[in-house]
Student: 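Just dropping this structure here.
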Protein chains: 2
Amino acid sequence: MDMTPIDRIRSFNRTVTRRIGALGDDYLGRGRPLGASRLLFEIGREGANLRDLRSRLSLDSGYLSRLLRSLEADGLLALERAPDDARARRAILTRKGLKEWAVLDSRSQDLATSLLASLGDAQRERMIAAMAEVERFLRASEVEIAVAAPDGTAARHCLQAYFHELQQRFDSGFDPALSVSAAPGELTPPNGTFLLARLDGHPVGCGALKRIGRGVGEIKRMWVDPTARGLGIAQRLLEALEGEAAALGMRILRLDTNRSLDEARALYLRNGYREIPRYNDNPYAHHWFEKTRAKRAVSRPNSAKTSGRAGGA
Amino acid sequence: MDMTPIDRIRSFNRTVTRRIGALGDDYLGRGRPLGASRLLFEIGREGANLRDLRSRLSLDSGYLSRLLRSLEADGLLALERAPDDARARRAILTRKGLKEWAVLDSRSQDLATSLLASLGDAQRERMIAAMAEVERFLRASEVEIAVAAPDGTAARHCLQAYFHELQQRFDSGFDPALSVSAAPGELTPPNGTFLLARLDGHPVGCGALKRIGRGVGEIKRMWVDPTARGLGIAQRLLEALEGEAAALGMRILRLDTNRSLDEARALYLRNGYREIPRYNDNPYAHHWFEKTRAKRAVSRPNSAKTSGRAGGA
DNA sequence: CCATTTGTCTGACTTTAGTCAGATGAATGG
DNA sequence: CCATTCATCTGACTAAAGTCAGACAAATGG
């Protein structure tokens, strides 16, 4: 019974879609087409803007329009202009629609309940814990890392959270002004980069690169939202930063860190960073690390992989 | 972040169907309608009987017939008479069909791979483990317990496995002939019952009840397939047996068990069985238990949550 | 051998789902 | 104010999914 991870996922996939997907589809329904029920459910108690509905359910605008019409004809919802933008519209459930929504909601509860029904307490607990874990990791695999403006809204959000956390964790508190600089200009090419990790569009982590010498970069502002830790996001950010560093011609990467940040230290050590003597005057730093990029050991001409352009497609 | 189990499941449901369901649907596809691809995939390398396909994918026979026709027209499969039953037919993939199947198969691998792609080794391992666990429990909730003929095929399969296991586990080996009798006639109403636990139609456990006196029943043949242990099936069987016992007018339940069967002993103790002196001459027994049904007692109301099989679809 | 049941097919449908090319009116950025 | 862009709606489609009532031949159970 030893399965590869791939097999395991495929099997999981089958079981889950059969057990949940199948039920899930017809616990909705209620006489009206599935699409309409899903839409009704998605609108929710507070109502929703059509634009959001369109993107959340990825519906064609014409199709959405028609579905809404049919629900409207059944007296389940009303469409009104959005308060701020007269082009946009907003769907609100009527009293009848809310009732219908409640039915759908309770059905979805029944589905969940039926999964629990046949398990004992101990089993339930374990299943719930395992589900939470799977969900967490599935979400982790949705995290996207990309270059972003270090002074954008999302970036500022992360940095603020980052500073706030340092303040909490450092024995001495933390004042960005006393720390080593990392102004937006220093974190944009060609001087550096700023990377953001996003989940569902929301920022959940960041990391930056700042040039501090010829071929030497410094890693700064590494932070992951507490709710998203343990998912390997920091690792991915670090790898991405190293990639960016290479692109910016930095062969040596340095960084400093505070003694209270154990996870960070572990991360760097795990990734081949060696502790070195103090290289800056950051008052908050207790450890300094450095890593030199390997000399692309195989720059021999017969590594034709890159230039070869063998068979296409 | 404290969610009730129900919320947890619903959230899991959403995440998984969005992440896997959505991808899953279009990794198939390949130019032909989803239904046809699914069918092709389901037929598999060994081919399949139409009847099985119909039930596995729950398709209307007319619809299935049409889908098969279109795949046949594309030269992907051939239909042949089933060897044993000239009414039945069997779908077999042609060489071209197998090729197409392989493509679908590899796509489904890609899907799995993409879920792993962004995780580190440690995370992967944990996710896979959690998936295995969730899957296990989901399957557990598919187990159905029902009365069955003690001399049916499925029952004989279980009993054989049961005897075989006892033979392995008892220090003394095990010979059914030396043990206390439990002939089919003793395990059918009004003398007793035989319950089977099935998963996907396959037997995975059993338990029986035999009348041994006025208002006194004996629990026998409790067994759960090793691959399905830890899912609470024995617990459910026991509860179901107690229900049957009540229906058969047995107020006292007894049973014996061998010293090597620790899990069994734990199960009975957990369920309110008290150890009593030897009440039979079973040479394989070391412990004897008894439980008297409460007189419609006001046992704590919160024990009512067992296998309620809550609000069905 | 005959009445039934079983497994599959066929034809004639209806519903859902999904797409596309405009039309319309409101914002938006000079 | 004007050209664009945006958000939505409409009409005219097509394709896919699903349903139903027979028809037919093979098996099954007396």
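All of these numbers come straight from a predicted model, not from anything done at the bench. FYI, side chains are in, hydrogens and waters are out, and symmetry mates aren't considered; it's all heavy atoms of this structure.
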Student: Could you give the CD-to-C1' distance, from Glu80(A) to dA7(D), as a whole number of Å?
Tutor: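 For the pair Glu80(A) CD and dA7(D) C1', the rounded distance is 16 Å.
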Student: Take atom CG of Leu39(A) and atom P of dA17(C), then tell me their distance rounded to the nearest Å.
Tutor: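 Atom CG in Leu39(A) sits about 11 Å away from atom P in dA17(C).
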Student: Quick one: which of Asp52(A), Asp85(A), Asn49(A) gives a side-chain hydrogen bond (donor to acceptor under 3.5 Å, both in side chains) with Arg90(A)?
Tutor: Asn49(A)
Student: Using atom CG of Leu67(B) as one end and atom C1' of dC9(C) as the other, report the distance to the nearest whole Å.
Tutor: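 Interatomic distance, CG of Leu67(B) to C1' of dC9(C): 13 Å.
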Student: Asn49(B) has an atom CG; how far is it from atom P of dC9(C), in whole Å?
Tutor: 12 Å
Student: Using heavy atoms to find the nearest nucleotide of DNA chain C for Gly62(B) and Asp84(A) separately, return the residue whose nucleotide is more 5′.
Tutor: Gly62(B)
Student: To the nearest angstrom, how far is Leu64(B) atom CG from dG18(D) atom P?
Tutor: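 Taking atom P of dG18(D) as the reference, CG of Leu64(B) is at 12 Å.
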Student: Can you find a donor-acceptor pair, distance only, under 3.5 Å between Arg87(B) side chain and dT6(C) base?
Tutor: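 Flag set: donor-acceptor pair detected.
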Student: Do you see a donor-acceptor pair shorter than 3.5 Å between the side chains of Arg10(B) and Ser108(A)?
Tutor: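 Checked: Arg10(B)/Ser108(A) side chains pair up, N/O donor to acceptor below 3.5 Å.
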Student: Whole-Å distance between dC9(C) P and Leu79(B) CG?
Tutor: 6 Å
Student: Using the ring of each side chain (for Trp, its six-membered ring), is Phe41(B) parallel, tilted or perpendicular to Trp101(B), with breaks at 30° and 60°?
Tutor: parallel
Student: Pick the nucleotide of DNA chain C nearest each of Asp60(A) and Ala86(A); which residue has the one closer to the 5' end?
Tutor: Asp60(A)
Student: Please report the closest heavy-atom contact between Ala140(B) and Arg236(B), naming both atoms and the distance.
Tutor: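 Nearest pair, atom of Ala140(B) first, then Arg236(B): O-NH1, 3.5 Å.
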Student: Rounded to the nearest angstrom, tell me the gap between atom CG in Leu59(A) and atom P in dT19(C).
Tutor: 10 Å
Student: Please state whether the phosphate of dC9(D), meaning OP1 or OP2, lies under 4.0 angstrom from any side-chain nitrogen or oxygen of Arg89(A).
Tutor: yes
Student: For dG7(C), does the base pair up with any side-chain atom of Arg81(B) as donor and acceptor (N or O, under 3.5 Å, distance only)?
Tutor: no
Student: Classify Asp85(B) by what it touches in the nucleic acid, base, sugar-phosphate, or nothing, heavy-atom distance under 4.0 Å.
Tutor: sugar-phosphate
Student: Taking only the side-chain nitrogens and oxygens of Arg54(A), find out if one of them lies under 4.0 Å from OP1 or OP2 of dT8(D).
Tutor: yes
Student: Pick one: which of Leu39(B), Leu68(B), Leu98(B) meets side chain to side chain contact (heavy atoms under 4.5 Å, CB included) with Leu77(B)?
Tutor: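 Passing option: Leu68(B).
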Student: Could you tell me whether Arg66(B) contacts a base, only the sugar-phosphate backbone, or nothing, with contacts defined as non-hydrogen atoms closer than 4.0 Å?
Tutor: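 The residue Arg66(B) makes base contact.
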Student: Could you tell me the separation between the CG atom of Leu50(A) and the C1' atom of dC6(D), rounded to a whole number of Å?
Tutor: 13 Å
